[in-house]
Amino acid sequence: RITDEGAIELFNELQCLNQLQVIDLSFNPIGEKALDALTQLLNINQNLVVNMRMNGIKNKFAMRKMANFESQGRLNIQNV
């Protein structure tokens, strides 16, 4: 299972992989703490799609902060 700390480390390491297109981290307890590192990764790699369904994000404000990436089809963070 990947937690916030592991996700932050992973997102930071993946920044150098410009060819990476899809990563699925669904069903891991990744929460709001990792969203800044995820935002940075998505801004660096414009082709990346991240699936993080059924995660640990409970804060609706944090979810709305990521809405731009969701509307682009580059992020799925649904918890339903």
[X] side, atom [atom1]; [Y] side, atom [atom2] - distance, nearest 0.5 Å:
X   : Y   : atom1 : atom2 : result
N28 : M54 : CG    : CE    : 12.0 Å
I30 : E5  : CD1   : CD    : 10.5 Å
I57 : Q78 : CD1   : CD    : 12.0 Å
N55 : N79 : CG    : CG    : 4.0 Å
D24 : R53 : CG    : CZ    : 6.0 Å

| task | Could you walk me through whether E32 and M63 pass the side chain to side chain contact (heavy atoms under 4.5 Å, CB included) test, one step at a time? | result | CA-CA 8 Å; E32 292 86 5; M63 298 276 274; over 6 Å; no

| Criterion side chain to side chain contact (heavy atoms under 4.5 Å, CB included) on I2 and E9, from CA distance to verdict | CA-CA 10 Å; I2 300 172; E9 191 171 324; over 6 Å; no

Which atom pairs, donor and acceptor, lie under 3.5 Å between side-chain atoms of residues 38-46 and protein residues at least two apart or in another chain?
{"from": "T39", "atom 1": "OG1", "to": "L35", "atom 2": "O", "distance (Å)": "2.8"}
{"from": "N43", "atom 1": "ND2", "to": "T39", "atom 2": "O", "distance (Å)": "3.2"}
{"from": "N45", "atom 1": "OD1", "to": "N47", "atom 2": "N", "distance (Å)": "3.0"}
{"from": "N45", "atom 1": "OD1", "to": "L48", "atom 2": "N", "distance (Å)": "3.3"}
{"from": "N45", "atom 1": "ND2", "to": "L17", "atom 2": "O", "distance (Å)": "3.4"}
{"from": "N45", "atom 1": "ND2", "to": "L20", "atom 2": "O", "distance (Å)": "2.9"}
{"from": "Q46", "atom 1": "NE2", "to": "N43", "atom 2": "O", "distance (Å)": "2.6"}

| message | Just checking K33: does its NZ atom have more than 12 heavy atoms from other residues, nucleotides or ligands closer to it than 6.0 angstrom? | response | no

| said: side chain to side chain contact (heavy atoms under 4.5 Å, CB included), that's the test. Do L25 and N51 meet it? Break it down for me. | reply: CA-CA 6 Å; L25 299 170; N51 291 311; over 6 Å; no

| Taking all non-hydrogen atoms of both residues, which atom of L75 and which atom of E70 are closest, and how far apart? | O-CG, 3.2 Å

| task | Check whether L10 and V50 end up in the same hydrophobic cluster, where Ile, Leu, Val, Met, Phe, Trp and Tyr are linked by side-chain heavy atoms less than 4.5 Å apart. | result | yes

| query | If you group Ile, Leu, Val, Met, Phe, Trp and Tyr by side-chain heavy-atom gaps below 4.5 Å, do I23 and M52 land in one group? | reply |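 Yes, I23 and M52 fall within the same hydrophobic cluster.
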
